[in-house]
There are 2 protein chains.
Amino acid sequence: MKSVVLNTQKKLTLKEVARQLGVSTATISNAFNRPDQLSEALRARILSEAAALGYHGPSHAARSLRRGESDVIGVVLADSLSYNFSDPMANQLLKGIADVLVENKKQMLLLSSRGEAASQRAAESLPDGFIFYGAPDTSCFERIVRLGKPVVAVDFEQEAVRSVNIDNYQAAYTSAESVLKSTDGNICILGMRIIESDRVCRLTSQDILCSSQEISRQRLKGYLDAAANQNRNVSPDRIWHIPVNTPEKAEQAAREALTMTPRPRVLLCMSDVIALAALRVATQLDIRVPESLSVLGFDDIPAASQMQPALTTVCQQSAEKGRVAARMLFDESTDSVVLPTRFIQRASAQV
Amino acid sequence: MKSVVLNTQKKLTLKEVARQLGVSTATISNAFNRPDQLSEALRARILSEAAALGYHGPSHAARSLRRGESDVIGVVLADSLSYNFSDPMANQLLKGIADVLVENKKQMLLLSSRGEAASQRAAESLPDGFIFYGAPDTSCFERIVRLGKPVVAVDFEQEAVRSVNIDNYQAAYTSAESVLKSTDGNICILGMRIIESDRVCRLTSQDILCSSQEISRQRLKGYLDAAANQNRNVSPDRIWHIPVNTPEKAEQAAREALTMTPRPRVLLCMSDVIALAALRVATQLDIRVPESLSVLGFDDIPAASQMQPALTTVCQQSAEKGRVAARMLFDESTDSVVLPTRFIQRASAQV
DNA sequence: TTGAAAGCGTTACCAA
DNA sequence: TTGGTAACGCTTTCAA
């Protein structure tokens, strides 16, 4: 990359500034890093003259090589950055993390655990600590954990790494129970990433058997147990797999579900993005909510309460998750935590 | 920060690995950075043995000190990171930037131009280039520009710095013209950050006079000119200032506007966030859109087309803005560009 | 294909 | 309060 030449005739280093100001390098360094090590007057003079010279502070690379710290925290996202920026939950999480990083004077480097190996690996040694959001690529995760720096896992669990989670099973069970208790009729379940497939489709009885710790599986189990508890069976062909949590895919699944016969009376959705899509499809199909259809969401994203009708859902404070995770990075004595969730009853499903 | 001790008895450096594997440091370095400089077999052996030893690649700090490049790009946001994560336009922009950075094997460091000076300044020398989103704090901007590294400005203009913009005046003028042409009656304008105030309020005639290059001012001028062109005057007390582009503040302003007498027949909103809030308030007040009220937005965020009724608005491809800006960083021969916008007619305002 | 050695720009120790 | 100086871990040139 070419660079604009300004008042710089040669590379301006701390050493050079020291020479020009007639003081030692240590003094310049102290002026920038340890105000208490020199007189206020001298420091002021150095700072202003350095700026006049065009020197705006020590090189980050040299500084962090020498100190062994970069003041940068890496946030490793399970999916591509691109995807995460359009996911409301990820945004809330990042927001929470950002708040705490600012408080602690750290900067935020965004990484993806699916990132192209070679190019990203070089950057992995930069941060002083890591927050992983969502179950990452295993090799990436292990590599980073081996660095021996503080690591916090959000929304998944791994031995020897502290984590921030919610009880997905319990939250799903409780919310579904509340809704089902007061609403008879057929049930459909819409969830993201239940199986390995990149298309919207229904499950098979085989798919149900597989159990795992993944979020979607936990929620599925919660919904199914709540239904079973009322002697209501949900057959696999009434459960939709949605490959990615986007409005487009969700609408497709919702349309399939709401046009099947017999039509469902209750839609249990594993995310608000899905539930909101379902509400839109219901409107298009002239199905009245909650009179003819109850819709349950999960997450409580900002749009959930703004929707008409407002969405009944489970609130998980994603920003708070981010804050807690970031604080764990700075306080190594904190243990893993399971954050509480709250069932929020609004208009889309009466209780 | 304490660190977990694993199979590491002492600090594992490239040099140490070289010693243990019985080869030179240059060879190890080449194994990681220049595959063509040694035999495939040797490289494979080195990589695997190094990993076994617990060495996962060169230190970023040392590497970037030596090379003078970090492979990190800084994205400097005008507001706090926290705010940007809840702004749909910012998310789209970041998404676009992320796509191009991944292609070019760069990592993304998030900075705020309002960030606490001291803590952030140290990190400012890390990136190889910068994208500024939104008019930044002047001192931060100047400091970074002086670094002499590639810089691209998005949504504002500054001498000597290439930028990516849209024509806010024109877009506002054209869209307002289309809507006003077919709809008589009173007009209200709702915009964010028109004046310096942290409360929702109406403008005064004095406020109108001040002109600036800021986005909101440009859009305001566009709306006012389009109205004037039809001999329709919009008095200052029919123009609302909203301090921050959030649904809450926007709803407050929309409620004030929609309950005033005489009630407006047209609402020109400077963002979709505001326009969508207005649509919700209209629903609450039983005002029919578009029969009794036309609402015009700006941005075309994803939620705009999902709303009932769908929002008539101006599409500015924010993700594309991000992509273009990022590409400019890597191709210094590109000049500033003004991206086109498109008027999108949907249900909230008939044309 | 490999080895030796010279910095890259700082910080922090120790002495003055 | 200040100044010299030895690392920090790596890349790259040059010679073998």
Side-chain angles (χ1 to χ4, degrees), chain A residues 8 10-47 50 53-72 121-126 128 147-149, chain B residues 8 10-47 50 53-71 121-128 147-149:
Chain A
T8 327
K10 67 164 291 188
K11 193 59 156 295
L12 208 49
T13 69
L14 180 148
K15 200 168 166 184
E16 176 64 12
V17 173
R19 200 184 61 70
Q20 296 208 23
L21 297 199
V23 298
S24 84
T25 60
T27 305
I28 306 283
S29 176
N30 285 334
F32 280 98
N33 302 310
R34 305 156 60 160
D36 51 312
Q37 296 297 298
L38 38 54
S39 70
E40 188 47 52
L42 179 59
R43 177 170 132 95
R45 185 191 134 222
I46 289 179
L47 256 29
L53 248 38
Y55 182 79
H56 294 286
S59 132
H60 179 93
R63 184 165 196 267
S64 92
L65 170 59
R66 179 58 234 232
R67 296 194 321 151
E69 266 184 48
S70 62
D71 290 344
V72 167
R121 283 174 69 138
E124 286 173 2
S125 72
L126 170 55
D128 297 333
L147 258 24
K149 297 174 179 174
Chain B
T8 326
K10 68 164 293 189
K11 194 60 157 293
L12 207 48
T13 69
L14 180 149
K15 197 170 168 183
E16 176 63 12
V17 173
R19 199 184 61 69
Q20 297 209 22
L21 298 199
V23 297
S24 84
T25 60
T27 305
I28 305 282
S29 175
N30 285 332
F32 280 98
N33 302 310
R34 304 154 63 160
D36 51 312
Q37 296 296 300
L38 38 51
S39 69
E40 187 47 51
L42 179 58
R43 173 161 193 262
R45 185 191 134 223
I46 289 178
L47 256 31
L53 247 37
Y55 182 78
H56 294 286
S59 132
H60 179 93
R63 183 165 195 267
S64 93
L65 171 58
R66 180 59 231 237
R67 296 193 319 148
E69 267 185 47
S70 62
D71 290 344
R121 283 174 68 140
E124 285 172 5
S125 72
L126 169 55
D128 296 335
L147 258 24
K149 296 175 179 173

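Residue numbering restarts at 1 for every chain, and letters A, B, ... go by the order of the sequence lines.
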Original post:
Rounded to whole angstroms, how far apart are CG on L65(A) and C1' on dA7(D)?
Top reply: 9 Å

Original post:
With sequence neighbours left out, what residues match D71(B) under side chain to side chain donor-acceptor pair (under 3.5 Å)?
Top reply: R67(B), K106(B)

**OP:** Flag the pair H60(A) / L126(A) as yes when at least one side-chain heavy-atom distance between them is below 4.5 Å, and no otherwise.
**Re:** yes

Side-chain donor/acceptor pairs under 3.5 Å, residues 36-47 of chain A, sequence neighbours excluded:
residue : atom : partner : partner atom : Å
S39(A)  : OG   : L42(A)  : N            : 3.1
R43(A)  : NH1  : A31(A)  : O            : 2.3
R45(A)  : NH2  : L21(A)  : O            : 3.1

**OP:** Check side chain to side chain donor-acceptor pair (under 3.5 Å) between S29(B) and all other residues, then give those that pass, not counting sequence neighbours.
**Re:** N33(B)

Subject >> Considering all heavy atoms, the nearest Y55(B)-T13(B) contact >> reply: CE1-C, 3.8 Å

Original post:
Earliest and latest nucleotide of DNA chain C, 5' to 3', sitting under 4.0 Å from a non-hydrogen atom of chain A?
Top reply: dG9(C) to dA12(C)

Subject >> Between dG3(D) (C1') and R19(A) (CZ): distance, integer Å >> reply: 16 Å

**OP:** Looking only at non-hydrogen atoms, find the nearest pair between S125(A) and P58(B) and report the distance.
**Re:** OG-O, 3.5 Å

Subject >> Interatomic distance, E16(B) CD vs dC8(D) C1' [rounded to whole Å] >> reply: 15 Å

Taking N or O atoms only and anything under 3.5 Å, show me the protein contacts with nucleotides 11-13 of chain D, one pair per line.
residue : atom : partner : partner atom : Å
dT11(D) : OP1  : N33(B)  : ND2          : 2.7
dT11(D) : OP1  : R63(B)  : NE           : 3.0
dT11(D) : OP2  : S29(B)  : OG           : 2.8
dT11(D) : OP2  : N33(B)  : ND2          : 3.4
dT11(D) : O2   : R66(B)  : NH1          : 2.2
dT12(D) : OP2  : R34(B)  : NH1          : 3.1

Original post:
Nearest nucleotide by nearest heavy atom, which residue falls closer to the 5' end of DNA chain C, V23(B) or G57(A)?
Top reply: V23(B)

**OP:** Flag the pair E124(A) and R121(A) as a salt bridge only when some basic side-chain nitrogen lies within less than 4.0 angstrom of an acidic carboxylate oxygen.
**Re:** no

Original post:
Considering residues at least two apart in sequence or located in another chain, which fulfil the side chain to side chain contact (heavy atoms under 4.5 Å, CB included) criterion with A26(A)?
Top reply: S24(A)

